[in-house]
Amino acid sequence: MDGDFQSIFSEKNVVSMLLFIYANKKVKESQLTEIVPNYYTSVKVVNILADAGLVRSWSEKVGYTIRWYEITDLGTQAAGHLYEANNLVKQQS
């Protein structure tokens, strides 16, 4: 029964990271630490989102390598529902 309620959204910082990328549409890897201060943890969290198909990532070489993360259509749908749920709770406070 416990497995029925487990999701990636149970993981620490996943919802906050998804909403951050949703709000910004596209972010550099270095910006992820605005949500999760530890760089390695922030990359771990965004990789959970990428593995679930909620964000996609790619690298650009411009003298140095920049890693980008962008919300997918599925991520936009999921984040939109989470955003609305969060707003409902805020209205009750």
Side-chain angles (χ1 to χ4, degrees):
M1 178 100 151
D2 289 340
D4 293 342
F5 300 104
Q6 294 297 316
S7 76
I8 66 163
F9 302 113
S10 302
E11 299 286 331
K12 187 175 181 181
N13 299 311
V14 166
V15 172
S16 296
M17 185 69 72
L18 180 61
L19 291 175
F20 175 72
I21 298 171
Y22 174 71
N24 292 286
K25 305 299 180 220
K26 179 173 115 172
V27 297
K28 294 179 189 177
E29 190 168 74
S30 61
Q31 292 175 287
L32 300 177
T33 55
E34 292 180 34
I35 299 302
V36 180
N38 181 283
Y39 169 79
Y40 297 104
T41 304
S42 69
V43 170
K44 178 183 168 195
V45 170
V46 81
N47 283 330
I48 292 170
L49 295 170
D51 290 344
L54 300 172
V55 300
R56 71 179 193 93
S57 65
W58 72 96
S59 296
E60 288 180 358
K61 186 100 170 152
V62 288
Y64 53 92
T65 302
I66 300 174
R67 186 97 177 140
W68 289 94
Y69 295 91
E70 179 179 58
I71 196 145
T72 63
D73 290 339
L74 177 61
T76 298
Q77 290 177 27
H81 291 295
L82 291 167
Y83 182 81
E84 290 301 318
N86 193 41
N87 284 341
L88 283 172
V89 172
K90 283 182 180 178
Q91 290 175 3
Q92 298 302 313
S93 300

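The cluster map of Ile, Leu, Val, Met, Phe, Trp and Tyr, joined by side-chain heavy atoms under 4.5 Å apart, puts Phe9 and Ile71 in the same cluster. Residues Val46 and Leu82 share a single hydrophobic cluster, defined by chaining ILVMFWY side chains whose heavy atoms lie under 4.5 Å apart. Hydrophobic clustering of Ile, Leu, Val, Met, Phe, Trp and Tyr side chains at less than 4.5 Å, counting indirect connections, unites Ile35 with Val55.
Side-chain contact between Leu88 and Glu84 is absent, with no heavy-atom pair separated by less than 4.5 Å. A 4.5 Å side-chain heavy-atom check between Glu11 and Val45 finds every atom pair outside the cut-off. At a threshold of 4.5 Å between non-hydrogen side-chain atoms, the residues Tyr64 and Val62 count as touching. Considering only heavy atoms from C-beta on, Trp68 comes within 4.5 Å of Lys28 through its side chain. Contact check for Gln31 versus Tyr69: no side-chain heavy atoms found under the 4.5 Å cut-off. Between Val14 and Leu54 there is no side-chain heavy-atom pair separated by less than 4.5 Å.
Rounded to the nearest 0.5 Å, atoms CG (Leu32) and CG (Asn47) are 9.5 Å apart. Interatomic distance, CZ of Arg56 versus CG of Leu74, reported as 14.0 Å (0.5 Å rounding). Taking OG of Ser42 as the start and CD of Glu29 as the end, the distance is 7.0 Å to the nearest 0.5 Å. Thr76 contributes atom OG1, which lies 8.5 Å from atom CG of Leu18 (distance to the nearest 0.5 angstrom).
No donor-acceptor pair closer than 3.5 Å links the side chain of Ser59 to the backbone N or O of Thr65. For the pair Thr33 (side chain) and Ser30 (backbone), a donor-acceptor distance under 3.5 Å is present.
Tyr83 and Tyr22 have tilted rings, their planes meeting at an angle from 30° to 60° on a 0 to 90° scale.
Within 6.0 Å of CG in Asn87 there are more than 12 heavy atoms belonging to other residues, nucleotides or ligands. Lys25 NZ: more than 12 foreign heavy atoms inside a 6.0 Å radius.
Taking each heavy atom of Leu49 and Met17 in turn, the nearest pair found is CD1-CG, 3.7 Å. When all heavy atoms are compared, the tightest approach of His81 to Gln77 is CD2-O, 3.0 Å.
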